[in-house]
Asker: 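For reference, the structure I am asking about is given below.
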Amino acid sequence: MCYHSRSMTAAGRIEELRAEALSAVASADTTGELESARVKYLGRSAELTEIKKSIRDLAPEDRKTVGAASNRATKEIEDALAGRLDRLSAAEREERLRSEALDVTLPGTPYPRGSLHPSLRIIDEVVDFFVGLGYRVAEGPEVETDYYNFTALNIPPGHPARTMQDTFFLDEGLVLRTHTSPVQIRTMLSQEPPVYVVCPGRTYRRDSDPTHTPMFNQIEGLAVDEGLSLSHLKGTLAAMARQVFGEGVKVRLRPSYFQFTEPSVELDVSCFNCGGADPNCKVCRGAGWLEMLGAGMVDPAVLEEVGYDSERYTGFAFGMGPDRMAMARYGIPDLRLFFEGDLRFLRQF
Ligand code: DAH
């Protein structure tokens, strides 16, 4: 074959390949198809590539024309590929954005609403009341040492008052706290007077019947300052009772006994349901009064134990059971319902 005709054949073939490639590029509908076209027409084993490699075998005068033609074709195909790629990727991005679009105006999936546990409602109200008076909230551990739970509260080892508490004993020297009163001790040891704290928390006793559960809540309160007396205690707790049970309720103090207070009292609230008038009242069972809490003036021995000057400072303390208060308020007959986690019960509040 003469060089002339070889070069003509090559140039003609380049022209055919160029046209084929451009139409393949133009008709590629995806970036994937476009890539196949690139490989087919410009890839390592593409025919055009082969032609370029064989240029050095051509007669010198043909090299120029075939080389120029193949370069032009290559450049044109590359430009077409780049242009098409821009258009296709823009379209694909559009499509992806469209298919992933979220309509933020659609209504959401409703999420079931919870409600506050009845004990927690009382705890919140009581704590809110005291925080409003300037009290601070203090907390302590549920696994407590024998010292904080008993000894520091004037209940020494071997004292009969210990057996009244149905204690869960853990390892040597540790108990599940039987009341929140140890938080009084921890608070006083960590700061100087004046002290005004409320201490809500879980407490534990070995007890289980309709009005006792092995775990129950308490709220402890402690005020230590100069010049505090029993009338401050009564005024404070009466105001709290009115807030939680209603403006109309009255309170009365009955003498009582606690190891860590002297004198000790129990505080009753007039029945918020019948006002003391209904002998068949379901809430007070005709008693007219509801027992609400234990309280008293902090025993000077307790103040001395934490290093407070009991000549200068006096204090009052109280401990109440928010679960019992919730039973009264909501007319719930069995305390055990509170801790079974039955949603049918909890949803009623
Ligand atoms: N800790 C007592 C109990 O669990 C309740 C109590 C009574 C707390 C008198 C006090 C208090 O702070 O002064 O039965």
Side-chain angles (χ1 to χ4, degrees), residues 119 122-123 126-127 130 135-142 144 146-155 159-168 175-189 195-207 211-225 228-238 240-241 251 253-269 291-303 305-306 308 310 313-325 335:
S119 296
I122 303 276
I123 293 170
V126 170
V127 168
F130 283 104
Y135 283 56
R136 201 166 55 75
V137 177
E139 285 177 310
E142 292 170 29
E144 191 49 284
D146 182 284
Y147 174 76
Y148 289 113
N149 196 78
F150 295 120
T151 310
L153 288 162
N154 211 21
I155 313 175
H159 194 281
R162 290 195 171 203
T163 58
M164 286 164 44
Q165 302 246 349
D166 296 313
T167 311
F168 285 108
V175 299
L176 288 181
R177 68 178 176 191
T178 58
H179 49 184
T180 41
S181 302
V183 187
Q184 289 187 23
I185 304 297
R186 289 179 175 274
T187 303
M188 288 191 283
L189 285 175
V195 174
Y196 290 91
V197 287
V198 266
C199 326
R202 291 185 226 275
T203 49
Y204 301 85
R205 291 186 200 175
R206 288 179 27 194
D207 235 346
T211 56
H212 297 88
T213 49
M215 191 286 291
F216 56 102
N217 292 288
Q218 274 198 347
I219 304 172
E220 191 78 13
L222 173 69
V224 181
D225 207 336
L228 289 182
S229 70
L230 198 63
S231 62
H232 293 111
L233 177 150
K234 186 174 180 184
T236 304
L237 294 178
M240 182 210 68
V251 297
L253 297 181
R254 276 181 295 110
S256 185
Y257 178 78
F258 299 102
Q259 195 71 25
F260 33 91
T261 45
E262 181 56 39
S264 301
V265 296
E266 270 172 65
L267 183 114
D268 296 343
V269 180
E291 290 179 20
M292 195 156 93
L293 52 82
M297 299 306 293
V298 180
D299 194 307
V302 174
L303 294 177
E305 179 72 25
V306 297
Y308 283 7
S310 65
Y313 296 107
T314 51
F316 63 81
F318 50 88
M320 66 190 99
D323 312 320
R324 296 283 183 83
M325 290 160 75
L335 184 59

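Bear in mind the structure is a predicted one, so any value in this text is a computation, not a measurement. Computed from heavy atoms alone, side chains included, the values below leave out hydrogens, waters and symmetry copies. Counting starts at 1 for both ligands and their atoms, following the listed order.
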Asker: Treating R324 as the side-chain partner and T211 as the backbone partner, does any N or O pair qualify as donor plus acceptor under 3.5 Å?
Answerer: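 Checked: pair present.
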Asker: Sequence neighbours excluded, which residues qualify as side-chain hydrogen bond (donor to acceptor under 3.5 Å, both in side chains) partners of T203?
Answerer: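 Scan of T203 (side-chain hydrogen bond (donor to acceptor under 3.5 Å, both in side chains), adjacent residues dropped) gives none.
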Asker: May I ask you to decide if M188's main-chain N or O and Y308's side chain share a donor-acceptor pair within less than 3.5 Å?
Answerer: yes
Asker: For ligand 1, what are the residues with a heavy-atom contact below 4.0 Å?
Answerer: H179, S181, Q184, R205, Q218, E220, F258, F260, T261, G294, A295, G296, A317, F318, G319
Asker: Residues two or more places apart in sequence or in another chain: which of them pass ring-ring contact (aromatic ring centres under 6.0 Å, His included) with F318?
Answerer: F130
Asker: Just by modelled atom types, is the V195 backbone N or O under 3.5 Å from a matching donor or acceptor in the R136 side chain?
Answerer: no
Asker: Under the rule for salt bridge (charged side-chain N to carboxylate O under 4.0 Å, His left out), what residues qualify as partners of D146, not counting sequence neighbours?
Answerer: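 Once residues adjacent in sequence are excluded, the partners of D146 under the salt bridge (charged side-chain N to carboxylate O under 4.0 Å, His left out) criterion are R162.
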